[in-house]
Amino acid sequence: MTRIQLQDLRKEFDDVTAVDGIDLTIEDGEFLVIVGPSGCGKSTTLRLLAGLEHATDGRIRMNDRDVTGIEPKNRNIAMVFQNYALYPHMTGRRNISFGMKSAGEFTDREIEKRVDQASETLDIADLLDRKPQAMSGGERQRVALGRAIVRDPDAFLMDEPLSNLDAKLRIQMRAELTKLHSELGTTTVYVTHDQTEAMTLGERVVVMEDGRIMQVDTPQVLYDFPEHRFVAEFIGDPAMNMIDVSLETGSAVHDAFRLPLPTGGAYSEEWTEANRAAVLGIRPEDLYLAKERPNLGQTTFTATVDVTEPLGDSLLLHCSVGESKFKMEAEPRATIEPADEIEVMYDPARLHLFDPETGECRYHSEQSTASLERIENTPEP
Amino acid sequence: MTRIQLQDLRKEFDDVTAVDGIDLTIEDGEFLVIVGPSGCGKSTTLRLLAGLEHATDGRIRMNDRDVTGIEPKNRNIAMVFQNYALYPHMTGRRNISFGMKSAGEFTDREIEKRVDQASETLDIADLLDRKPQAMSGGERQRVALGRAIVRDPDAFLMDEPLSNLDAKLRIQMRAELTKLHSELGTTTVYVTHDQTEAMTLGERVVVMEDGRIMQVDTPQVLYDFPEHRFVAEFIGDPAMNMIDVSLETGSAVHDAFRLPLPTGGAYSEEWTEANRAAVLGIRPEDLYLAKERPNLGQTTFTATVDVTEPLGDSLLLHCSVGESKFKMEAEPRATIEPADEIEVMYDPARLHLFDPETGECRYHSEQSTASLERIENTPEP
Amino acid sequence: MIEPIQYTKQRLASVKEQSTAETGFGSPVGVHLQIWLLVFLVVFPIFVALIVSTKPQGIVTSLSDLVPGTYAVENYREAIVDYNFARYMWNSFVMAVIIVVGKLIVSVCAAMAIVYYRVPYKNLVFLFILFTLMLPVPVRFIPLFQLINDLGWGNTLLAITVPYLASATSVFILRQHFLSIPTSIVETAKLDGVGPVKFLFSVLIPMSKGVLVGVSIIMFVYAWNQYLWPLVIIDSQANQVAQVGLSLLEGDVQGGQLSWSLVMAGSMLTLIPPLALMILFRKPLLETFSIQQK
Amino acid sequence: MSTREIFDGRIESAVLLLPTVLVSLVFLYYPAVRAFRTSLFDSSFGRQEVFVGVENYVTLLTDSGYHTNVLLSILFAVCVVVGVMVFSLYITFLIHEVDHGQTLYLISAIWPYALPPAVGALVFLFMVHPTLGVLTGPVELLGFDVDWFNNGRQAFVVVALAAIWKQIGYNVIFMIASMNSIPDTLTETANIDGVSRLRRLVSVYAPIMSPTLFFLVIINTIYAFFGTFAFVDLLTGGGPSNATNILIFDLYREGFSYFNFGLASTKSVLLFLVVGILMYIQFRLTDEHSHYGA
Amino acid sequence: LGSDGSNTQFSPIADELTVWHAMGGTNGETLDQIGADFEAETGTAVNMEFQDSYENVLTNTLAAFDSGNVSDMLQVDSLFAQQVLDTGRVEPVANILPDDFETDDFLDNVAEFFTVDGELASLPFNNSNAIMYINRDAFEAAGLDPDDPPTTLAEVRSASEQLVDQDVTQFGITWPNHVWFVETWYAFEGELLTDAENGHAGEPSEFNTPEAVYDLYEWWKGMADDGLYTNPGIEAWGEATSLFIEQESAMLLTSTASVSGLIADSENFEVDAAPYPSISDTRVGPVIGGASFYVPAGLPDDRYDEIGQLLEYMAEPEVQTEWHKGSGYYPITKSSVESLEAEGWFEENPMYRVALNQLQNGDADNPATKRALLGPARNVQTTIQDKSVDIINSDEIDSEIESLKQEVEATLGDYY
Ligand SMILES: Nc1ncnc2c1ncn2[C@@H]1O[C@H](COP(=O)(O)OP(=O)(O)OP(=O)(O)O)[C@@H](O)[C@H]1O
Ligand SMILES: Nc1ncnc2c1ncn2[C@@H]1O[C@H](COP(=O)(O)OP(=O)(O)OP(=O)(O)O)[C@@H](O)[C@H]1O
Ligand SMILES: [Mg+2]
Ligand SMILES: [Mg+2]
């Protein structure tokens with residue numbers, strides 16, 4: 001188990017800066033997820049950690065040992081790749097034991113013992129004598145995991161290990177990964193571009209864009225208190241609605257509605273200047289049909305439904321209000337059709353305001369003190 | 001536009017029966033989605049439709065013309081493949097026009113006109129002079145669509161056209177496909193193994209397993225009234241909970257609870273026999289924490305939380321009750337932790353019972369008459 | 001499809017970069033040293049040959065002799081002008097080009113039939129073609145000779161080109177390549193009703209450029225280096241190919257004439273065309289021949 | 001899953017196959033059959049052919065000298081095939097491992113392939129001639145007595161080395177493409193696991209490249225049996241004491257020096273059988289160790 | 001015209017006369033020149049076509065016999081003479097040459113060899129025999145008298161010892177491993193290679209291994225074992241010459257035709273020619289090497305007229321003189337020798353004289369000096385060459401020589 005520190009880490013390729021000065025401490029035993037859009041530098045960060053790339057600048061420490069220039073094999077880490085990277089010509093057992101055999105630090109008996117142990121943990125005993133092409137995607141992924149855990153490394157590095165699997169399998173493997181982590185407790189860094197995976201797996205989640213870290217927090221805090229418009233839109237599906245508004249004292253004003261903003265700590269004086277432009281963020285599930293929650297009796301506004309998408313457990317409405325578009329969820333069996341006019345209500349505790357230029361978050365309608373408190377209260381990783 | 005009829009269609013390969021007697025009518029202008037797990041025969045069905053495979057038995061009719069033995073090129077269909085199948089050496093424009101040129105039925109001017117039209121529809125004008133390797137995945141997919149629509153075929157056949165795209169792009173392309181279909185109104189058969197895609201895209205959805213059709217219905221009906229345990233579990237994410245129970249008159253009995261079953265049309269006499277085994281199906285979102293809905297005041301039971309997964313807009317709880325496991329959704333910011341004991345409540349209108357042997361559905365707690373009515377009320381495709 | 005590959009390559013390059021950097025895997029210095037040694041061993045002979053070709057009467061017997069002589073211009077001039085070597089090179093070139101073009105056409109057709117046509121016994125035909133690998137030239141020499149004479153092709157270009165047109169290796173390599181073209185692309189063509197001719201010229205050939213060029217180089221080298229058969233079947237000195245011309249340069253050895261240097265000058269000359277092609281088309285030559293599963 | 005056989009026309013496919021099949025039949029199979037016929041005759045230079053039935057076969061099959069030649073050829077083929085493959089694989093691997101100058105290294109490594117075999121043999125002779133060779137001096141300094149005109153074993157090694165050297169290029173061309181197509185993640189996994197370079201080559205790369213390697217084994221076997229004539233002819237003339245009298249040389253000499261076409265044809269038929277049997281064994285062996293799938 | 005067994009009617013390849021030859025390099029050029037001169041003189045065009053090697057001339061001829069289109073003349077190595085004769089498809093040139101052609105003008109030894117069954121079978125052209133070349137500088141450096149070179153094998157050995165012991169050269173002597181040298185030793189010793197007068201009088205079946213041969217091989221082996229001789233390789237004419245030029249060896253046995261080349265290439269030392277060293281003091285004479293021109297039988301008569309003209313032309317003193325000077329092969333007609341002497345050629349070029357002297361001093365009447373005419377000559381040749389290496393590498397010389405004898409005889413038996 002290991003504590004990993006990245007200090008001002010950067011990696012430049014010929015013409016791109018893939019990782020642009022990252023500072024991050026990964027705690028001992030933590031399951032940390034790095035998420036972000038394609039090309040944001042997730043894989044590069046992980047590969048820097050693994051030693052597969054050389055940092056242009058900055059340091060990497062594992063347990064206070066500087067490993068920046070150390071070879072991969074001497075870092076005692078294990079990596080799981082998206083394409084599993086199983087040796088196609090070896091059986092499951094050989095795939096798992098090959099690395100150990102090569103390292104030469106283990107006796108044959110020990111290897112056998114560990115392979116058996118790992119295969120029990122992962123329930124892959126019956127795959128050991130098959131070659132990868134005779135395994136399904138999920139089975140291959142499991143063997144790849146087996147290969148990683150068998151060496152009892154200080155840390156697991158995983159680069160989108162589930163994205164080649166189909167949806168069902170992905171969910172199942174997700175649960176197994178969580179279970180595995182709770183059993184082994186090994187420090188794990190997990191890269192994905194899928195925010196659902198990030199949310200469900202990560203004890204903490206790093207959101208990256210353009211080689212930089214935008215926010216590091218527990219999943220729910222990321223969801224509830226995004227510090228940046230980018231994070232707000234990236235986390236959550238369907239994404240948070242962003243509506244251009246102008247601010248007046250205590251209200252966000254739009255052509256079609258005027259929302260009072262609950263007063264609270266988190267927004268500065270200047271933001272109350274009249275007519276200042278801002279971006280109002282509300283998540284689709286924080287909008288309701290007024291008729292579905294008649295008892296809340298709050299400010300409402302009227303919108304037009306453009307498209308309806310039945311998701312089974314809810315009905316996703318694509319709506320327009322004035323020039324703006326937004327999405328919201330309705331009861332799954334609501335009988336709403338395109339072109340219907342609907343009365344929309346919102347949860348006043350779940351409003352966010354973003355700076356239209358920098359994208360930084362200026363305001364959460366829930367008191368930031370409360371939110372900070374919540375952050376501190378989140379269970380230790 | 002075309003009405004397509006499949007009559008007792010079967011396809012056997014050397015040792016497997018890929019399609020095992022399918023009867024299906026695809027209505028003129030319909031967007032029909034075929035969904036099912038890997039290897040269930042979706043692609044084969046589509047390829048039979050396209051004429052890329054020869055049916056072992058059965059008939060295919062398009063607009064009452066028997067096309068079973070007709071060459072693909074004479075069926076006037078267009079197909080979109082998962083890997084786009086763009087010619088790598090041709091520009092976007094040539095890729096789109098190549099098929100038309102080959103068909104030889106079009107003048108050069110007409111071809112040009114149509115390509116321009118299609119590229120406008122799909123907003124790919126600036127891709128026309130690039131070759132596929134200079135396009136992103138989504139752009140390639142769009143060009144592939146362009147190639148399909150430009151010939152104005154009687155039907156589009158699409159085999160997992162979005163599954164090579166990443167999650168965000170997939171959602172975006174999904175919306176575009178819907179839009180495209182509403183503009184063109186061409187009969188479309190769409191194959192996917194992703195149930196979300198099936199639910200959001202399909203006017204009707206065919207669920208297949210093992211070469212057979214399990215159910216054909218509108219998405220919401222599939223979701224609410226699965227006719228088979230397979231369908232119930234396949235549609236919906238997280239999947240419907242399945243709990244083994246035994247039946248007593250009017251109740252489903254479990255070690256840890258006893259649920260009264262609302263009486264209604266849909267279950268036969270024999271199902272009331274004492275101690276008969278059954279599988280109770282409840283979707284995770286139809287289970288609530290009693291404390292979150294105190295006003296409903298219904299039967300509850302106590303369960304233990306095993307794992308919590310924050311999904312942002314909800315908190316997914318993996319719970320145990322007695323020997324059985326189930327999942328449920330709680331409010332996103334609920335402070336529930338593993339090992340907590342919770343009081344669980346359910347929506348009595350949303351219970352299902354399945355035959356443990358055949359998997360067939362025997363009972364929906366909502367009156368089947370009502371459900372049938374709803375089916376009839378769903379908007380015309 | 002192609003993007004990831006390029007990306008992978010970049011990535012590969014970066015992995016290598018670090019493998020050879022200060023802390024790479026194993027000893028990068030060692031790797032370079034080994035390459036140098038091995039490549040040197042392979043290259044050394046050409047170096048010697050080159051030196052020999054610049055000496056007055058040739059032969060280099062020790063490392064200390066490995067300094068270029070002063071007769072380079074003289075030797076090459078003699079080979080080209082006095083011995084008409086340019087003429088033989090031209091003959092070889094014509095022969096090689098005809099063989100390459102002909103073989104390419106014939107092999108592409110055969111591979112196309114084998115891969116894209118649903119016909120019975122085509123595997124048998126494929127085997128029939130592959131089997132020719134095992135019929136060595138000397139085995140067929142005399143009968144072939146008689147056959148060519150019966151056909152009245154003696155001493156003609158036909159005689160040194162046509163018998164080479166069937167090529168098991170080319171058909172095999174092309175077949176492998178055709179099999180690696182995604183089926184969905186092929187099926188798209190079928191759905192579009194693309195006919196065989198159009199398929200061949202608009203899809204297959206453009207998608208096989210690399211392999212076709214690579215195979216052509218290999219064919220060219222093979223054709224260019226033909227010696228025994230042209231020697232036997234071509235009687236007229238003026239129509240002779242460069243490889244046979246080399247022995248003219250060698251002189252009447254038994255009669256006391258011996259010019260290693262001239263032979264080496266000629267050898268270097270004959271080496272130029274294939275080597276130039278190999279360098280010019282190194283990309284397709286080095287990147288396209290990954291034999292995948294049948 | 002899906003099919004590439006998108007065309008049905010039997011006549012079309014026949015037309016496409018015709019050139020290859022026709023050329024194979026006329027210029028490859030027919031002469032081979034004729035050769036078989038000749039093997040039943042006593043036929044030598046310009047003299048009347050006399051039908052002798054299987055006498056030629058009996059002569060050869062009871063000739064212990066010929067038995068030795070067969071064994072010698074097989075041994076030679078094994079040495080050449082193994083040597084070529086090992087050396088090429090290793091040099092390909094080394095080049096694959098470096099980042100700079102790959103192309104230059106590759107071109108350097110493959111150039112002998114462009115050289116005609118006869119010139120190759122001559123150039124090689126410059127290197128290792130027991131008294132005149134450039135490298136002979138240095139090698140003898142290492143305490144090794146170069147004496148392959150008198151020492152059969154040395155002669156065998158020298159001819160094999162020359163044959164190997166000439167064939168490396170062809171192998172590298174195929175191997176580098178194959179090696180480059182191995183996913184990087186496998187390499188990276190191996191590196192993270194601390195798998196040594198050599199072990200990575202032997203245990204990871206080679207098995208993955210097996211389709212290519214198998215193809216090369218076949219091609220190299222054919223080369224070793226049929227394509228190495230020039231080296232024996234120019235370096236050793238089959239000697240000393242028949243130590244390098246491999247079948248192809250023996251057969252060539254029988255036919256084109258001694259002009260015993262009957263016996264030469266018999267030798268070619270037997271050679272064909274030997275190669276055929278070896279091929280069969282190779283196919284069987286690789287079938288057993290069948291590949292890992294696409 | 002027409003010989004037994006063949007009534008095939010051949011037709012020529014081209015309107016011009018076609019001559020297939022194996023003369024590369026400058027010799028080939030000289031031949032071309034001769035052809036051009038002939039054309040200028042007679043108006044009959046000649047194509048001199050280089051065929052790479054003597055063997056290939058035969059291969060092509062064989063095919064030509066098959067196809068019916070033959071060249072008008074082919075240059076055949078004396079080694080293959082019997083094989084060509086055995087086809088029965090060549091016309092003795094005696095029948096083609098104009099009636100007034102003076103066959104007697106050929107030097108006796110030459111005429112003797114190329115006459116078969118009393119008729120001149122082919123037109124001798126490029127002929128030579130083996131002599132010894134010495135490095136005068138090296139001889140002097142070793143304290144040897146270059147003007148008194150060794151004449152017997154024993155003397156060669158002692159000279160070699162002196163050269164090597166004093167580190168003047170690495171080896172004393174070298175020569176290509178070619179049957180011709182063994183034949184020459186046999187001839188000087190007056191021994192026949194085979195019975196039936198070396199094949200000139202019937203079908204040979206026995207291979208002779210007289211005492212002298214044992215002496216020869218013992219000497220040869222001794223020289224090799226003691227590092228006085230180096231083996232340049234089988235039929236390695238070029239390598240042997242290079243060894244001499246590179247001063248690795250101070251003595252070289254090779255063809256008289258090498259004279260001009262050696263003089264030209266020995267820039268760093270003075271080269272001289274000496275008679276071939278004999279096994280013992282007996283010096284009967286050398287065998288002739290080189291080639292002659294054959295003409296296919298069954299060509300149209302008018303063709304033979306043209307061919308006859310060309311043949312005659314090639315034997316003319318001027319042509320022979322030109323050829324001799326251009327190639328180093330010796331002049332083979334008495335008249336050309338006379339004209340060369342008249343112009344003082346041999347005074348200026350004494351080394352050319354050595355070969356001619358050696359030939360003329362030979363006993364032309366002794367059958368041993370007539371090179372063997374064997375059907376399977378090439379086969380016998382390689383056997384002797386291969387076996388020679390075996391013998392000198394073996395400790396059992398006697399049994400190896402015995403096995404050489406058996407192998408050759410087996411080959412003869414197979415052929416006849
Ligand atoms: N070896 C390389 N050479 C040049 N540029 C590279 C290299 N590796 C990565 N990059 C670039 O660095 C940036 C970050 O790449 P990285 O692979 O880390 O992204 P990612 O976040 O993992 O994306 P994805 O989700 O697509 O895997 C990209 O712009 C990429 O093109
Ligand atoms: N050409 C073929 N030869 C033999 N079996 C085949 C062939 N094509 C399909 N099958 C088999 O038929 C069955 C159905 O295949 P199909 O491709 O239709 O499945 P699918 O539902 O499209 O699966 P996926 O989601 O993996 O694409 C599978 O068992 C498959 O292995
Ligand atoms: Mg990545
Ligand atoms: Mg499919």
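Quantities reported herein were computed from a predicted structural model and do not represent experimental measurements. Residue numbers begin at 1 in each chain, while the letters A, B, ... track the order of the sequences.
- If you measure heavy-atom distances from B/Leu201 to chain A, you find no contacts under 4.5 Å at all.
- Every residue two or more places apart in sequence or in another chain that forms a salt bridge (charged side-chain N to carboxylate O under 4.0 Å, His left out) with A/Glu233 is listed here: A/Arg229.
- Between A/Gln220 and B/Pro310, some side-chain heavy-atom pair lies under the 4.5 Å cut-off.
- Applying the ring pair (Phe, Tyr, Trp, His ring centres under 6.0 Å) criterion to B/His228, with sequence neighbours excluded, gives no partner residue.
- A/Thr200 touches chain B through backbone and side chain together, each having a heavy atom under 4.5 Å away.
- Judged as a side-chain hydrogen bond (donor to acceptor under 3.5 Å, both in side chains), and not counting sequence neighbours, B/Glu309 has no contacts.
- Listed in order of number, the residues of residues 311-319 of chain B that approach chain A to under 4.5 Å between heavy atoms are B/Leu311, B/Gly312, B/Asp313.
- Top candidate by heavy-atom pairs under 4.5 Å with chain A, chosen from B/Arg283, B/Glu329, B/His193, B/Gln195, is B/His193.
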